[in-house]
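In what follows, a structure is listed as structure tokens, so that the remarks can point back to it.
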Amino acid sequence: MDVSQYLEIFIDETAEHIQSLSDNIMALENEPEDHDVINEIFRAAHSLKGMAGTMGFKRMQHLTHDMENVFQEVRNDKIKVNGDIIDVLFQCLDAIEGYLNIIKETSDEGTNDNEGIIASLNGILNGDTAAAAPAPKEEKEAPAAAVDTAAGKKYLSMDLSENDHETAKNAEESGKVLFGFTVSVQKECLLKAARAFLVFKAVEEFGEILAYQPSAQDIEDEKFDLDFSFLLASDEEGVEKFITAAKAVSEIEDVIGEQIKYEMLVDADKQAKEPEEDKAAATGQNVPAAVSAAAASAKDDQPKANSAAAKGKPVNKPVANRTVRVDIEKLDALMNQVSELIIAKNSLVSISSSDSGDGTQSQSFRDQIEYLERITTSLHESVMKARMVPIESVVAKFPRMIRDLSRKLDKKMELYMSGEDTELDRTVVDQIGDPLQHLLRNSADHGLESAELRKERGKPEVGSINLKAYQEGNNVVIEVGDDGNGIDTENVKRKAIDRGIVTAEQAENLSQKEIIDFLFMPSFSMAKKITDVSGRGVGLDVVKSNIETLGGDVEVKSKLGEGSTFIVRLPLTLAIIQALLVEVHHELFAIALGSIITIEDVPVSEIKYVQAEEVINLRGNVIPLIRLNEILDIEEPEEEPESLTVVIVNKGEKQAGLVVDNLLGQQEIVIKSLGKFISNSKIISGATILGDGEIALILDVNTLM
């Protein structure tokens with residue numbers, strides 16, 4: 001029987017069981033005698049065993065079977081849970097997750113038997129506590145590429161196309177020098193693609209990259225392990241400056257590179273193209289049962305599970321009866337049809353509003369327009385609700401991560417989360433996990449002080465990390481904070497002066513917020529000793545760019561000695577928004593309504609200047625003006641009007657005034673991506689089609705500010 005049709009269900013259900021196991025094992029660590037939690041872990045292991053067997057994943061089935069055996073003995077009070085057993089269980093969880101990741105990529109579980117973990121489980125069953133010892137701490141060794149230079153020259157075995165060969169050959173013949181590089185990122189690196197492109201940006205100051213391994217698209221999609229290679233052509237000799245520039249990027253473990261000749265690539269290519277033996281396909285599983293049947297075992301002990309839920313314990317939540325999994329592509333197709341419907345509605349509204357004034361337009365026609373408007377709005381809301389998911393799916397893994405960091409860093413810390421049921425568009429949720437993880441790791445590693453220092457400062461020995469999510473208008477706000485050391489702005493300021501970002505005189509006039517903003521600059525992230533400043537610099541540039549790609553923004557509040565809070569604001573959805581249409585010298589633009597505070601009519605005589613920049617004083621607030629015609633390179637009006645129409649917008653607590661010619665009113669608009677046509681301009685976040693067929697470009701307020 002072909003069970004591949006059940007693979008998607010298997011992957012989804014396994015991920016749910018892994019999360020349930022993680023939550024319950026952490027609960028068991030705090031209350032080792034809690035039989036409700038023990039039963040939940042037993043049932044989850046039993047379900048996973050049945051599902052893996054059904055799919056023919058024998059290694060995964062063997063591991064979960066041994067987990068089930070251990071918990072059978074724990075249930076019967078023959079084995080007492082201790083710290084060593086908890087450590088082994090978390091190793092089991094990591095191994096199951098490893099199987100799942102391989103299954104996602106290859107539809108097969110791989111070849112890792114995890115013999116060490118299985119031996120530990122059997123040791124627990126046999127009463128051998130030594131066998132249940134925790135895994136050794138990671139040794140901070142350089143990867144193989146850094147140790148064995150010859151093995152690390154992966155750039156010599158790159159799979160080059162004919163076009164790549166031609167480009168490299170022509171570059172050498174034109175007098176340029178060829179270089180090959182292999183770059184390894186650290187094992188703990190969260191945003192590998194971002195690090196890779198920072199490396200490319202750094203070396204491209206000295207030359208031009210000719211080829212990538214893997215491809216540039218695969219690197220962008222993070223479809224590589226811990227290293228990548230590239231060829232580069234330069235007018236200058238000497239490899240040291242390239243290696244120094246690449247190594248300056250944070251979270252880069254090692255860089256191997258040398259000056260090469262084109263012939264070396266040709267020779268390596270010939271060797272690579274020797275025939276390889278075909279790999280045997282691992283098939284033949286014939287298990288006649290549906291995957292979900294394994295979940296039937298979850299019916300026993302149901303009253304106990306309910307009692308655990310009543311106590312507020314983290315138990316395996318039953319799947320709601322009236323839910324269905326829908327492929328995101330199907331929702332995207334439905335959303336696209338809704339978008340077209342809204343465009344058609346806008347077109348009819350445009351026709352209805354162009355009444356000639358003779359009263360001939362039918363009242364019933366206007367009634368139909370209003371009815372269509374209600375229907376499209378209702379349909380839009382329904383589709384949006386289908387796309388919305390709680391951020392719980394992202395944040396649920398963080399307590400386990402903080403628990404592991406606590407042990408690894410030898411610091412006592414506790415994660416407090418609230419608002420996990422806050423909903424976001426699925427597209428946003430899928431991409432927000434890594435930036436949040438980075439912020440939490442920063443809080444744990446660099447924000448919280450050592451136990452000794454906390455004691456000296458009169459703080460509780462256990463440090464607190466808070467993750468709070470809530471809805472605010474058309475945005476979702478996620479706050480990541482800690483009660484640690486906070487940011488030493490004086491040190492940051494000195495570092496900025498040392499790096500030539502500001503002069504000592506300019507630094508004296510900087511606000512705390514402006515100083516903290518330096519930490520989001522790539523130049524700060526690249527500095528290897530940034531942790532000497534505050535421990536907050538590494539990776540924040542990447543976190544910021546990832547969040548801004550989603551149309552959001554991030555700001556920081558910090559008090560030295562008391563802690564810091566990173567505030568992330570994200571749009572609820574990326575597809576259809578309420579916007580204000582404006583005109584700038586006969587060109588149409590849209591501004592998201594969620595970014596607008598107010599609209600003001602400002603006399604030109606009231607415009608003041610601060611450091612040669614135009615500002616207005618609005619009810620005690622000094623707000624800088626942004627002349628859209630200058631930013632967008634649109635010719636200025638022939639005569640300066642007596643007063644300006646200014647749209648006051650905000651990005652977090654920061655405000656600015658956008659100068660426009662006319663206001664055309666509020667409208668529900670569909671955001672259409674412009675792809676790579678104007679990818680060099682971040683000011684434009686997309687476009688929309690109006691009712692009369694005109695195109696209006698959508699302004700990105702965050703980038704403008």
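Not measured: the values here are computed from a predicted model.
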Ignoring hydrogens and angles, state whether a donor on the side chain of [X] or [Y] is under 3.5 Å from an acceptor on the partner side chain.
X: Arg59; Y: Thr111; result: no
X: Asp23; Y: Gln19; result: yes
X: Asp227; Y: Ser184; result: no

Heavy-atom pair of closest approach, residues [X] and [Y]:
X: Asp425; Y: Met388; answer: N-SD, 3.5 Å
X: Val394; Y: Gly433; answer: CG1-CA, 3.5 Å
X: Ala194; Y: Val542; answer: CB-CG1, 3.2 Å
X: Asn69; Y: Leu125; answer: O-CD2, 3.7 Å
X: Leu570; Y: Val568; answer: CG-CG1, 3.9 Å
X: Lys80; Y: Ile85; answer: O-CD1, 3.4 Å

So do [Y] and [X] actually touch side chain to side chain, heavy atoms under 4.5 Å?
X: Ile567; Y: Val477; result: yes
X: Asp430; Y: Arg426; result: yes
X: Arg441; Y: Leu405; result: yes
X: Asp482; Y: Asn466; result: no
X: Glu220; Y: Phe197; result: yes
X: Glu479; Y: Phe566; result: no
X: Leu550; Y: Gln431; result: yes
X: Leu198; Y: Asp541; result: yes

In plain terms, say whether [X] and [Y] are close enough for a salt bridge, that is, a side-chain N and a carboxylate O under 4.0 Å apart.
X: Glu222; Y: Lys192; answer: no
X: Lys408; Y: Asp404; answer: no
X: Asp225; Y: Lys187; answer: no

Reported [atom1]-to-[atom2] distance for the pair [X] and [Y], which is rounded to 0.5 angstrom:
X: Ile103; Y: Leu7; atom1: CD1; atom2: CG; value: 7.5 Å
X: Glu68; Y: Lys49; atom1: CD; atom2: NZ; value: 4.0 Å
X: His65; Y: Leu63; atom1: NE2; atom2: CG; value: 11.0 Å
X: His46; Y: Met51; atom1: NE2; atom2: CE; value: 12.0 Å
X: Leu21; Y: Cys92; atom1: CG; atom2: SG; value: 9.5 Å
X: Asp94; Y: Ser22; atom1: CG; atom2: OG; value: 9.0 Å

Please check: side-chain N/O of [X] versus main-chain N/O of [Y], any donor-acceptor pairing under 3.5 Å?
X: Lys411; Y: Ala444; value: yes
X: Asn76; Y: Gln72; value: yes
X: Thr106; Y: Ile102; value: yes
X: Asp218; Y: Pro214; value: no
X: Ser393; Y: Val389; value: no
X: Glu109; Y: Met60; value: yes
X: Thr14; Y: Phe10; value: yes
X: Asp113; Y: Glu115; value: no
X: Ser229; Y: Gln213; value: no
X: Asn122; Y: Ile118; value: yes

Test ring pair (Phe, Tyr, Trp, His ring centres under 6.0 Å) applied to Phe90 - qualifying residues, sequence neighbours left out: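 Not a single residue meets the ring pair (Phe, Tyr, Trp, His ring centres under 6.0 Å) criterion with Phe90.
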Ring pair (Phe, Tyr, Trp, His ring centres under 6.0 Å) with Tyr212: which residues, sequence neighbours excluded?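 Only Phe200 meet the ring pair (Phe, Tyr, Trp, His ring centres under 6.0 Å) criterion with Tyr212.
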Evaluate Leu540 against Asn442 for side-chain contact (heavy atoms from CB on, under 4.5 Å), listing each step before the verdict. CA-CA 9 Å; Leu540 288 183; Asn442 258 345; 3.8 Å; yes
A quick test of your reading: do over 12 heavy atoms of other residues, nucleotides or ligands sit less than 6.0 Å from CZ of Arg403?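 More than 12 heavy atoms, drawn from other residues, nucleotides or ligands, come within 6.0 Å of this atom.
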Begin from the C-alpha positions of Ile547 and Asp553 and carry the test side-chain contact (heavy atoms from CB on, under 4.5 Å) through to its verdict. CA-CA 6 Å; Ile547 289 169; Asp553 69 273; 5.5 Å; no
Give me the ring orientation class for Phe228 and Phe230: parallel if the planes are under 30° apart, tilted from 30 to 60°, perpendicular past 60°.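 Geometry flag for Phe230 against Phe228: parallel rings.
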Can you spot which of Asn112, Asp108, Thr64, Asn114 makes a side-chain hydrogen bond (donor to acceptor under 3.5 Å, both in side chains) with Tyr99?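 That would be Asn114; it is the only one of Asn112, Asp108, Thr64, Asn114 passing the side-chain hydrogen bond (donor to acceptor under 3.5 Å, both in side chains) with Tyr99.
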Knowing that exactly one of Ile79, Ile41, Asn39 qualifies, which makes a side chain to side chain contact (heavy atoms under 4.5 Å, CB included) with Val74?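 Option passing the side chain to side chain contact (heavy atoms under 4.5 Å, CB included) with Val74: Ile79.
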When you look at Phe71 and Leu89, which way does the side-chain contact (heavy atoms from CB on, under 4.5 Å) test go after all the steps? CA-CA 10 Å; Phe71 270 89; Leu89 290 175; 3.4 Å; yes
Verdict with reasoning, Arg569 to Ile478, per side-chain contact (heavy atoms from CB on, under 4.5 Å): CA-CA 6 Å; Arg569 283 183 180 81; Ile478 304 174; over 6 Å; no
